[in-house]
Enquirer: 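I am attaching a structure below and will ask some questions about it afterwards.
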Amino acid sequence: MACKAMHQLLFLVYGLLTFNVVPVAFGYRRSGVPFKVHKAVVIQKESLVQQRAGSPETVSAQCTEWDVIVTINPDLLGIQHPVQASDLSVGGCGVTSQTPTAFVIEAPLQGCGSTVMMLTDEMVYTFTLDYIPSPIPGIPIIRTNPAVVQIECHYPRNHNVSSNALNPTWVPYTSTISAQDVLGFSLIIMNSDWSGPSSSNVFYLGDLINLQASVDSTNHVPLLLFVDNCVASSASNGSAPIYTFIGNNGCFTDSKVTGSNSQFIIPRIAPSNLQIELDAFRFYGVATSSVFITCRLKVTLASQAIDNLNKACTYITGLSQWTSVDGSNQVCSCCDANCATGQKRRIEMARRRPGRSVKTTPVEWEKTLVVGPLFLEGKHHPAVSEHLTATEAKPAGSFMLVLGSMLVVLALTCSAFLLYLLYQKPQISN
């Protein structure tokens, strides 16, 4: 413990001498493990039905390097009606511990419904504390209203190095936690030429839906991004059937199962970027046209060789073979089987060898994202139909004009012939 405290003190002194860093406090968990406390902000919603929810007396938060620790007073609303622990959650994560005077929820930064916003000099993680009252069993009434409290954790994004910086003789503390820095994953629907996000979420059968997965690896060693799997559903709450179009650790199965034009775009525009073309589809027998897409993204070190668990493969129907975005087609050979089986066997064998350690992917290097709803229509754009209708109407209009002209000429001819007969009849009588 004394060594860790000395290490932290040295880091603070070094930071004050060489960086524009604001010192932060250190705290200790119940286990005695120290943690660095960052800026936490609790935002009280301005609503009469929430009473005191979110005030300093009822909700407090501590932001550490790994999670946010939220402490809630049982009298959350300040009306002398204690809330139940089961009615409290942060993004779906419930109470982790409690005492007679407080409930505690420990939520990881990359979980529990958190969102991240990149600012110029800091990253802000936002959490939502929800209180949803439930009736006491056997009593069909409640005496409290729902409440929502927003919690923000602010972290410095970078350091500005002084021109007179000291050259330390030890490894700075920041380098020991660089692998734990949070990555900014994103999944965006792009327009048809990939120049920017799509301005519409309406697509038609026969269209290609452009999805761009990326990760912001600023201040990190080079990373390589993969899309581990993607599923589509007509609902976002898990109540509807799902269709897996990317699975088996990066195999674009839709391109083989349905013979579609779906594919990973080759080549990559950057190692931290992966572009997807998805052939539009609808769910059979489902009245709604909405589609939600859920994808799990992950990264590895760019220097690490791709393998059965980290790959991006598309099935080329014309060649009857799987092709890798990164050029190593042999890693795609397992796409028709189970890619995890062989790799897990090799990992297990490595673990059994004395003195061998096995690297695992950090939790922070994976993220599940959802886009939608997209609305899929079964017919072409109206503008195309109108154009075809106008084009087809031109020959019909020309035919009617010619036919009308012929009828006029025929009528004039008949009239002239009748007049001629009437004129010739008196002459014959004489």
Side-chain angles (χ1 to χ4, degrees), residues 118 183-199 203 206-232 244-281 293-337 339-340 343 361 365-369 371 374:
M118 296 282 188
L183 300 172
F185 290 92
S186 67
L187 183 64
I188 303 173
I189 303 171
M190 302 293 287
N191 56 24
S192 59
D193 61 0
W194 298 97
S195 60
S198 175
S199 60
F203 295 89
D207 287 351
L208 288 175
I209 303 171
N210 292 340
L211 296 169
Q212 181 166 285
S214 60
V215 61
D216 182 3
S217 56
T218 305
N219 299 328
H220 282 267
V221 295
L223 299 173
L224 191 61
L225 176 73
F226 298 98
V227 177
D228 202 52
N229 69 28
C230 284
V231 299
T244 302
F245 56 91
I246 297 177
N248 209 358
N249 303 111
C251 300
F252 213 136
T253 52
D254 180 69
S255 58
K256 181 175 184 180
V257 174
T258 66
S260 68
N261 295 317
S262 301
Q263 63 174 337
F264 290 113
I265 298 297
I266 301 175
R268 294 175 184 259
I269 60 174
S272 59
N273 190 296
L274 193 58
Q275 294 176 320
I276 299 169
E277 283 186 342
L278 176 63
D279 212 335
F281 60 86
I293 295 175
T294 304
C295 295
R296 184 169 71 245
L297 280 56
K298 64 180 180 182
V299 294
T300 64
L301 295 174
S303 58
Q304 177 181 328
I306 63 174
D307 53 37
N308 291 356
L309 300 183
N310 303 290
K311 62 186 183 302
C313 299
T314 300
Y315 187 78
I316 308 300
T317 304
L319 300 177
S320 298
Q321 70 176 32
W322 290 93
T323 302
S324 170
V325 170
D326 302 295
S328 301
N329 293 343
Q330 63 272 18
V331 300
C332 302
S333 59
C334 66
C335 283
D336 292 322
C339 292
Q343 192 73 6
T361 302
W365 286 19
E366 297 183 358
K367 184 74 172 180
T368 299
L369 300 175
V371 294
L374 310 180

Enquirer: Side-chain contact, heavy-atom cut-off 4.5 Å: W194 with I269?
Expert: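 The answer is no, as the side chains (C-beta and beyond) never meet within the 4.5 Å cut-off.
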Enquirer: Do Q275 and V325 come within less than 4.5 Å of each other through their side chains, counting heavy atoms only?
Expert: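 Q275 vs V325: side chains apart.
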Enquirer: Is any side-chain heavy atom of S262 less than 4.5 Å from a side-chain heavy atom of D279?
Expert: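 Result yes, sub-4.5 Å side-chain heavy-atom pair found.
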Enquirer: If we only count heavy atoms from C-beta on, is the R268 to L224 side-chain gap below 4.5 Å?
Expert: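 In contact.
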Enquirer: Does the side chain of W365 reach to within under 4.5 Å of the side chain of V215, using non-hydrogen atoms?
Expert: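 Result no, sub-4.5 Å side-chain heavy-atom pair not found.
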Enquirer: Among L208, T314, I209, I246, whose side chain to side chain contact (heavy atoms under 4.5 Å, CB included) with I276 holds?
Expert: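 Single pass found, and it is I246.
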Enquirer: Do the side-chain N and O atoms of S324 and D326 include a donor-acceptor pair separated by under 3.5 angstrom?
Expert: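 No - no donor-acceptor pair under 3.5 Å links their side chains.
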Enquirer: side-chain contact (heavy atoms from CB on, under 4.5 Å) between F203 and L278: does it pass, once the steps are laid out?
Expert: CA-CA 11 Å; F203 295 89; L278 176 63; over 6 Å; no
Enquirer: To the closest 0.5 Å, what do you measure between CG (L297) and CG (L187)?
Expert: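 Between L297 CG and L187 CG, I get 6.0 Å after rounding to 0.5 Å.
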Enquirer: Will you find, in the side chains of T300 and N310, an N or O donor that is under 3.5 Å from an N or O acceptor?
Expert: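 N310 and T300 do not have a side-chain donor-acceptor pair below 3.5 Å.
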Enquirer: Hey, could you give me the CG/NZ distance between L223 and K298, rounded to the nearest 0.5 Å?
Expert: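 These two atoms lie 13.5 Å from each other.
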Enquirer: Can you tell me how far apart NZ (K256) and CD (Q321) are? Round to the nearest 0.5 Å.
Expert: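 Result: 11.5 Å between the selected atoms.
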Enquirer: Which atom pair, heavy atoms only, marks the closest approach of A312 to L274?
Expert: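 Nearest pair, atom of A312 first, then L274: CB-CD2, 4.1 Å.
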Enquirer: I need the minimum non-hydrogen distance between S214 and N273, along with the two atoms involved.
Expert: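 Taking every non-hydrogen atom into account, CB-ND2, 3.9 Å.
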Enquirer: How many angstroms lie between OG in S198 and CD1 in I189, if you round to the nearest 0.5 Å?
Expert: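 With rounding to 0.5 Å, OG (S198) is 6.5 Å from CD1 (I189).
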Enquirer: Flag this pair as yes if the NZ/CZ of K367 is under 6.0 angstrom from the six-membered ring centre of F185 and inside a 45 degree cone about the axis; otherwise no.
Expert: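 Ring-cation test returns no.
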Enquirer: Does any non-hydrogen side-chain atom of L369 lie less than 4.5 Å from one of T294?
Expert: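 Heavy-atom side-chain distance check fails, nothing below 4.5 Å.
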Enquirer: For the pair C335/C251, is the SG to SG distance below 2.5 Å?
Expert: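 Judged by the SG atoms alone, which are under 2.5 Å apart, C335 and C251 are bridged.
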Enquirer: Using the rule given for side-chain contact (heavy atoms from CB on, under 4.5 Å), can you reason through F281 versus T258, listing the C-alpha separation, both sets of side-chain angles and the distance that settles it, and then say yes or no?
Expert: CA-CA 11 Å; F281 60 86; T258 66; over 6 Å; no
Enquirer: Do the side chain of R296 and the main chain of N229 share a donor and acceptor less than 3.5 angstrom apart?
Expert: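 Checking the backbone N and O of N229 against the side chain of R296, no donor-acceptor pair under 3.5 Å is found.
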Enquirer: Any side-chain heavy atom of N210 within less than 4.5 Å of one from Q212?
Expert: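 In short, these two side chains do not touch, never coming nearer than 4.5 Å.
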Enquirer: For V331 versus N308, what's the shortest heavy-atom pair and its separation?
Expert: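 Looking at all heavy atoms of both residues, the shortest contact is O-OD1, 3.6 Å.
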Enquirer: Grab the two heavy atoms, one from T317 and one from S255, that are nearest each other, plus how far apart they are.
Expert: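 That closest heavy-atom pairing would be OG1-O, 3.8 Å.
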Enquirer: For C339 versus N248, what's the shortest heavy-atom pair and its separation?
Expert: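 For C339 and N248, the tightest heavy-atom pair comes out as N-OD1, 2.9 Å.
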Enquirer: Taking F252 as the fixed residue, which of F264, W322, F226 is the one that meets the ring-ring contact (aromatic ring centres under 6.0 Å, His included) rule?
Expert: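 In the set F264, W322, F226, the residue that makes a ring-ring contact (aromatic ring centres under 6.0 Å, His included) with F252 is F264.
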Enquirer: Considering only heavy atoms from C-beta outward, does the side chain of N261 approach that of E277 to under 4.5 Å?
Expert: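 The answer is no, as the side chains (C-beta and beyond) never meet within the 4.5 Å cut-off.
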Enquirer: Search all heavy atoms of S328 against all heavy atoms of I306 and return the closest pair with its distance.
Expert: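 For S328 and I306, the tightest heavy-atom pair comes out as CB-CD1, 3.6 Å.
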